Amino acid sequence: MANVFKLIRKRNLLLISHSRKHPLYSLQTFYKSTLGAEIKDAESLSKLTQDEEKQNKLDLTFGNAEEAFRSKKTSELVRALFVFNLCSVEFLVKNNIEILKWSRRLLGKTLFTTLMKGTFYGHFVAGEDQIAIRPLVSRNQQFGVKSILDYSVEEDLSSKQAKEAEAKGCVPENQPPLEELGYKDDHPQHPEQKRFAAHEEFLDRREKVVSARTYFYDDEAKCDDNMNIFLQCVDAVSGSTKSTGFVAIKLTALGRPQFLLQLSDLLVTTRNLFEKFAGEGDILLKKFRQEDFQKTLDVMGVPISRDQTKRWFSILDISQDGEVDLWDWDNLLEKNLQLCKLLIVPNKETGIPEQMMEGLTDEEDEQLKNMLKRLNTIVKYAKEKDVRVMVDAEQTYFQPAISRIVIEMMRKFNKEKAIVFNTYQTYLKSALTNLKVDLDLSRREKFQFGAKLVRGAYMEQERERAASVGYEDPINPNYHATSDMYHACLEEVFYQIKQRPLGQIAVMVASHNEDTVRFAVEGMDRYDIKPSDRLICFGQLLGMCDQVSFPLGQAGYSVYKYVPYGPVEEVLPYLSRRAMENKGILKKVQKEKSLLWKELKRRVKAGQLRYNPLENNSPVG
């Protein structure tokens, strides 16, 4: 008898451990299996435990329809099938905006809203406001899936209006209009300089971009409105989720994009200058001494005396070890990138420190400070509310500045935990290098590193712009190369996690690609990174890829859905992009449609047409 009690105690411990890994394993199941089963010996107990572990193990084929949709009502399955089938009709998708507008006129506001809530809006959008989204957010969380909230109202601008707004936001006030400058292929600027300038034919940044929202600059009041919307999103996350949630923001919503162009130009030019001084090799290992500095300046034809060289080198050599490495070089910039202190940086050609934003008008100087203050306000408020801020990636001509500003936010706010997350687009040739550099900086300066890894949203537009303007295509040559880059970035993250104290790195794998998600899960296993460590999380869009999101969440992994919300008529541009995106990835949607049919047929056969997720299952508690 004593042996039986020992076995029961041992099984109790096993089940407690097991329930942590598999939260859907309820106490009810435990009592039934422990008290109701006839435990004869240790061998039968071990076999029972192994069978249960096998049953609850994550299916990495992502083909378990019942597991994928156990959080969905039957009506929601029917709606999803209807929406996905509509997304496969070429005419409807191609003309979706016009069709939606005509439907609104013919049906009137009330009928149109009802129709949309029963179809596209109901499938891809959580609700109209912070109160309306709570039931869906709560239900998803009970099935292991948390939320990234995004107020998805978008301006429905014409192409002409978008171009006018972009020209206003990207051209300095003291510069002639674009048509007078003639920013075309024959412009005399160097290609790298042209890369970080506005170009008339690419002013509408929405063109050939499906999956990403675009903000255009109007005035400072509009930027203040956007900031307030993001603050409301923080409140919505804080009020709707039981655990730490995310808000997603874009820096182009918070100020004039002109400043991002200027800062990106400066950052890329000074990084290239560092590589001239330091030579070939791994950028993290590159460094140069005073004599190298002098030789390179001589080759460049920079008239500077040895005394001046010595003085400028001593400024560059922040660590005062006789060598300037990337950390020294970038730190000279970063020490002057504190909020509202964008003052002294190395000259692009000589490396000699000088005023960075020379030539800004007083009004532009104030606008630049306002942009940074708005971001600081959002992150500070999010930290107070225990909400994380995910700064989305944008076009490559903005991204160097965005990444550097986000790193400044990490320095300031990521002391105890990762509050601020940067985004790395792995379709870029520079993705792994950028990730390594920022990881190394976080290690040196001992702040928490937060990142989201994505494939990228601007590929077609970026390639066309590079070819037209005349700079090197920044995009990997093909999809396979992008997948390799994504996986290389993940390997670097896994390796770095194991080199540091637990909790120093937090990364979101934001992907609908099953191979990439599978690679991440298997990588966690290889590096012994447990789901319960909450160092790696996964993200997908609401209404898409449920066969990945929910099985992951129900198996104990940290999973988020990107949850849009907003009034029906004001999220039509967002819905248009979702329709286009589903058409573009029809092959992947085909699997989800097949699984939806499979689960629908199973419920019909089982007499579960009135299936209630919260009554028929033991949600994650």
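All of these numbers come straight from a predicted model, not from anything done at the bench.
For the 3.5 Å distance criterion, the side chains of Ser511 and Asn513 fail to qualify, holding no donor opposite an acceptor. A donor-acceptor contact closer than 3.5 angstrom links the side chains of Thr269 and Asp265. In the model, Gln294 has no side-chain atom that pairs as donor or acceptor with a side-chain atom of Gln290 under 3.5 Å. In the model, Glu514 has a side-chain atom that pairs as donor or acceptor with a side-chain atom of Gln547 under 3.5 Å.
Without hydrogens or angle criteria, Arg388 side chain to Ala418 main chain gives a donor-acceptor distance under 3.5 Å. In this structure, Thr270 contributes its side chain and Leu267 its backbone to a donor-acceptor pair below 3.5 Å. In this structure, the side chain of Asp204 does not engage the main chain of Ala162 through any donor-acceptor pair within 3.5 Å. Side chain of Asp325 to main chain of Lys287: no donor-acceptor pair is present (N/O by atom type, distance under 3.5 Å, no hydrogens or angles). Lys561 contributes a side-chain N or O that, together with a main-chain N or O of Leu541, makes up a donor-acceptor pair within less than 3.5 Å. One N or O on the side chain of Lys591 and one on the backbone of Phe62 form a donor-acceptor pair closer than 3.5 Å. Distance alone, capped at 3.5 Å, is enough to place a donor-acceptor pair between the Tyr486 side chain and the Leu453 backbone.
Using a cutoff of 4.0 Å between basic side-chain nitrogens and carboxylate oxygens, Asp440 and Arg444 are scored as salt-bridged. Using a 4.0 Å cut-off between charged nitrogen and carboxylate oxygen, Arg411 and Glu408 count as a salt-bridge pair. Using a cutoff of 4.0 Å between basic side-chain nitrogens and carboxylate oxygens, Glu472 and Lys429 are scored as salt-bridged.
Within 6.0 Å of the CE atom in Met227, the count of heavy atoms belonging to other residues, nucleotides or ligands exceeds 12. Applying the 6.0 Å contact sphere to CD of Glu280 captures no more than 12 heavy atoms from other residues, nucleotides or ligands. Counting non-hydrogen atoms of neighbouring residues, nucleotides and ligands closer than 6.0 angstrom, the NZ atom of Lys417 exceeds 12 such neighbours. Around atom NZ of Lys415, more than 12 heavy atoms belonging to other residues, nucleotides or ligands sit under 6.0 Å away. Residue-environment remark: NZ (Lys310) stays at or below the threshold of 12 foreign heavy atoms within 6.0 Å.
The aromatic rings of Phe230 and Tyr215 sit perpendicular, their planes meeting at an angle over 60°, well past the 30° parallel limit. The aromatic rings of Phe293 and Phe288 sit parallel, their planes meeting at an angle under 30°, below the 60° perpendicular limit. Classified by interplanar angle (parallel below 30°, tilted 30° to 60°, perpendicular above 60°), the ring pair Tyr527/Phe494 is tilted. In this pair, Tyr560 and Phe246 present their aromatic rings perpendicular. The plane angle is above 60°, beyond the 30 to 60° band.
Residues His512 and Val548 fail the side-chain proximity criterion, which asks for heavy atoms closer than 4.5 Å. Side-chain contact between Glu445 and Met410 is absent, with no heavy-atom pair separated by less than 4.5 Å. Counting only heavy atoms from C-beta outward, the side chains of Val521 and Asp525 never approach each other to under 4.5 Å. Side-chain contact check for Phe538 versus Val517: some heavy-atom pair is nearer than 4.5 Å. Contact of the Lys286 side chain with the Glu275 side chain is registered, since non-hydrogen atoms from C-beta on lie closer than 4.5 Å. Two residues are said to be in side-chain contact when any heavy atoms from C-beta on lie closer than 4.5 Å; Tyr458 and Ile475 fail this criterion. Side-chain contact check for His199 versus Ser468: every heavy-atom pair is 4.5 Å or farther apart. Counting heavy atoms from C-beta outward, Phe313 and Glu291 have side chains that stay 4.5 Å or more apart.
Closest of all the heavy-atom pairs between Phe196 and Thr396 is CE2-O, 4.0 Å. Nearest heavy-atom pair, Phe519 versus Glu491, reported as atom, atom and distance to 0.1 Å: CZ-OE2, 3.5 Å. Nearest heavy-atom pair, Leu251 versus Leu260, reported as atom, atom and distance to 0.1 Å: CD2-CD2, 4.0 Å. Scanning both residues, Gln496 and Leu439, for their nearest heavy atoms gives CG-CD1, 3.9 Å. Shortest non-hydrogen contact noted between Gln540 and Met544 is CB-O, 4.2 Å. Across every non-hydrogen atom of Gly556 and Arg534, the tightest pair is O-NH1, 3.0 Å.
Note that the NZ atom of Lys530 and the CG atom of Asp528 stand 4.0 Å from one another [nearest 0.5 Å]. Taking CD of Gln448 as the reference point, atom CZ of Phe413 lies at 15.0 Å (rounded to 0.5 Å). With values rounded to the nearest 0.5 angstrom, Leu261 atom CG is found 5.0 Å from Cys170 atom SG. Going from atom CD of Gln262 over to atom CG of Leu368 covers 8.5 Å, rounded to the nearest 0.5 Å. Note that the CD atom of Glu522 and the NE2 atom of His487 stand 10.0 Å from one another [nearest 0.5 Å]. Atoms NZ and CD, from Lys163 and Glu201 in turn, are 8.5 Å apart once rounded to the nearest 0.5 Å.
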**Report entry** Derivation and outcome, side-chain contact (heavy atoms from CB on, under 4.5 Å), residues Val387 and Ile419
**Finding:** CA-CA 7 Å; Val387 173; Ile419 295 294; over 6 Å; no

Report task. Start with the C-alpha gap between Ser147 and Val237, add the side-chain angles, then the distance that decides, and say whether side-chain contact (heavy atoms from CB on, under 4.5 Å) holds. Result -> CA-CA 8 Å; Ser147 296; Val237 172; over 6 Å; no

Query raised in the report: Under the side-chain contact (heavy atoms from CB on, under 4.5 Å) criterion, do Thr423 and Met508 qualify, and how do the steps go?
Result: CA-CA 9 Å; Thr423 301; Met508 173 175 284; over 6 Å; no

Query - Derivation of the side-chain contact (heavy atoms from CB on, under 4.5 Å) call for Glu166 and Tyr217 - result: CA-CA 6 Å; Glu166 186 73 351; Tyr217 182 80; over 6 Å; no

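A side-chain contact (heavy atoms from CB on, under 4.5 Å) with Met409 is found for exactly one of Leu372, Val391, Asn376, namely Asn376. Looking at Asp150, Thr252, Asp392 one by one, the single match for side-chain hydrogen bond (donor to acceptor under 3.5 Å, both in side chains) with Arg213 turns out to be Asp150. Each of Gln461, Gln425, Arg465 was checked for a side-chain hydrogen bond (donor to acceptor under 3.5 Å, both in side chains) with Gln395, and the lone residue meeting it is Gln461.
A cation-pi contact, defined as under 6.0 Å to the ring centre and within 45° of the axis, is absent between Arg404 and Phe398. Both the sub-6.0 Å distance and the 45° axial angle are not jointly satisfied by Arg455 relative to the ring of Tyr427. A cation-pi arrangement, defined by a distance under 6.0 Å to the six-membered ring centre and an angle within 45 degrees of its axis, is present between Arg195 and Tyr471.
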